[in-house]
Amino acid sequence: MRLDKFICESTSHSRVSAKKALHRGDVTCNGEVVKNSGFKVTDEHEIRLEGELLTIIGPRFIMLNKPVDTICSTIDEEYPSVIGLLDVIRPEDLHIAGRLDADTTGLVLITTDGKWSHKITSPKKECGKRYLLETADPLSEDLVGQFTTGLQLNNEDGLTKPAVLELLGTHQARLTITEGKYHQVKRMLAAVGNKVTKLHRESVGAIELDAELELGEWRYLTDAEIKSVK
Ligand code: URA
């Protein structure tokens with residue numbers, strides 16, 4: 001890899017600022033100053049910028065426990081973006097794999113890998129998302145069958161795909177869906193004349209929200225978690 005590209009892929013430098021750093025003599029290869037941006041970096045080379053050892057950042061996979069009043073857009077709008085909760089280099093390279101509403105808490109997956117996130121968000125992949133929800137009005141057993149059969153949402157063609165509703169109490173349930181339509185869970189409860197008052201995502205596919213993470217905290221995914229998305 002060219003040295004200027006190597007600097008870009010291991011720091012927040014742009015190609016232009018990497019070239020300037022090279023020109024200033026801030027970059028060394030195995031202890032020697034290198035100014036040639038086309039210099040070919042190999043595994044044998046130890047590259048330092050102002051004395052700091054550089055390594056390629058590579059793809060990143062993150063789980064975050066989203067608090068309320070944050071949004072899953074990459075830019076701040078009415079509320080701050082969840083990306084601002086991550087103290088990482090080059091946050092602009094990250095995107096969110098499946099959004100939650102501002103008032104929803106729980107598991108958000110964030111990555112630099114578009115192919116990986118597509119496997120989570122594409123309806124064809126039928127990746128299950130499990131939610132814990134509370135409602136304004138009581139829930140009844142007959143809803144379980146209705147959610148399995150599918151519901152007609154406002155302004156949608158056809159029924160929702162089979163969803164698994166598990167009643168936990170008069171006003172509390174777990175719901176697993178494999179689609180990700182806009183406000184889907186809230187609209188499914190609205191379709192049966194109820195209203196969601198609290199919503200929390202517990203899992204996406206085989207990835208469970210880490211119970212150690214407080215609201216607003218995050219960690220990198222393990223290799224097993226990354227590979228579980230197929
Ligand atoms: N469905 C909703 O209605 N809201 C969310 O945040 C996630 C799923």
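Side-chain atoms of Arg201 come within 3.5 Å of backbone N or O of Leu107 as a donor-acceptor pair. Side-chain N or O atoms of Arg219 include none that pairs as donor or acceptor with a backbone N or O of Leu213 at under 3.5 Å. Between the Lys129 side chain and the Cys127 main chain, a donor and an acceptor come within less than 3.5 Å of each other. Thr170 places no side-chain N or O within 3.5 Å of a backbone atom of Pro138 that could act as its donor or acceptor partner. Checking side-chain atoms of Lys66 against main-chain N and O of Ala102 turns up a donor-acceptor pair under 3.5 Å. Side-chain atoms of Arg99 do not come within 3.5 Å of backbone N or O of Ser73 as any donor-acceptor pair. A donor-acceptor pair is defined here as one N or O able to donate and one able to accept, closer than 3.5 Å; no such pair exists between the side chain of Ser17 and the backbone of His13. In terms of modelled atom types and a separation under 3.5 Å, the side chain of Gln152 and the main chain of Glu156 share a donor-acceptor contact. With Asn65 contributing its side chain and Glu217 its backbone, the two residues share no donor-acceptor pair below 3.5 Å. A donor-acceptor contact shorter than 3.5 Å links the side chain of Thr197 to the backbone of Glu134.
The neighbour count for Glu92 CD, taken as heavy atoms of other residues, nucleotides or ligands under 6.0 Å away, is above 12. At most 12 non-hydrogen atoms from other residues, nucleotides or ligands lie less than 6.0 angstrom from NE2 of His118.
Side-chain contact between Leu165 and Met188: absent, with no pair of heavy atoms (C-beta onward) separated by less than 4.5 Å. Inter-residue side-chain proximity for Leu221 and Trp116 is flagged as met; some heavy-atom pair is nearer than 4.5 Å. With a 4.5 Å cut-off on side-chain heavy atoms, Arg2 and Lys40 count as touching. Residues Leu100 and Leu199 fail the side-chain proximity criterion, which asks for heavy atoms closer than 4.5 Å. Between Ile177 and Thr160 the shortest side-chain heavy-atom distance does not fall below 4.5 Å. Tyr79 is not listed as a side-chain neighbour of Asp103, based on a closest heavy-atom distance of 4.5 Å or more. Taking the side chain as every heavy atom from C-beta outward, Leu49 and Ser10 never approach each other to under 4.5 Å. Ile207 has its side chain out of reach of Ile120: every pair of non-hydrogen atoms, C-beta onward, lies at least 4.5 Å apart.
One finds no salt bridge joining Glu179 and Lys161 here, because no Lys/Arg side-chain nitrogen approaches an Asp/Glu carboxylate oxygen to under 4.0 Å. Taking the charged nitrogens against the carboxylate oxygens, Glu46 and Arg48 do have a contact shorter than 4.0 Å, which makes a salt bridge.
Separating the CG atom in Leu175 from the CD atom in Glu166 is a distance of 10.5 Å, to the nearest 0.5 Å. We find the OG1-CZ distance between Thr176 and Phe147 to be 11.5 Å, quoted to the nearest 0.5 Å. Atoms NZ and NZ, on Lys125 and Lys119 in that order, are 7.0 Å from each other to the nearest 0.5 Å. Rounding to the nearest 0.5 Å gives a distance of 7.5 Å between CD1 of Ile110 and OG of Ser81.
Annotation for Thr178 and Glu126: closest pair CG2-O, 3.7 Å, computed over non-hydrogen atoms. Here the closest heavy-atom approach between residue Thr121 and residue Ala97 is recorded as CG2-C, 3.9 Å. Across all non-hydrogen atoms, the minimal contact from Pro67 to Leu215 is CA-CD2, 3.9 Å. The two atoms that bring Ala18 and Ile7 nearest to each other are CB-CG2, 3.8 Å, heavy atoms only. Shown here for Leu139 and Ala173, the closest heavy-atom pair between the two residues is CD1-CB, 3.9 Å.
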- What do the steps show when you test Ser37 against Leu3 for side chain to side chain contact (heavy atoms under 4.5 Å, CB included), and what is the final call? CA-CA 5 Å; Ser37 50; Leu3 182 52; 5.7 Å; no
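Between the side chains of Ser140 and Asp142, a donor-acceptor pair is found at a separation under 3.5 Å.
For Phe6 and His45, the distance between ring centers is not under 6.0 angstrom.
Every pair passing ring pair (Phe, Tyr, Trp, His ring centres under 6.0 Å) that includes a residue from residues 211-230 is listed here, sequence neighbours excluded: Trp218-Tyr220.
A continuous path of Ile, Leu, Val, Met, Phe, Trp and Tyr side chains, each step under 4.5 Å between heavy atoms, connects Tyr131 with Val108, placing both in one hydrophobic cluster.
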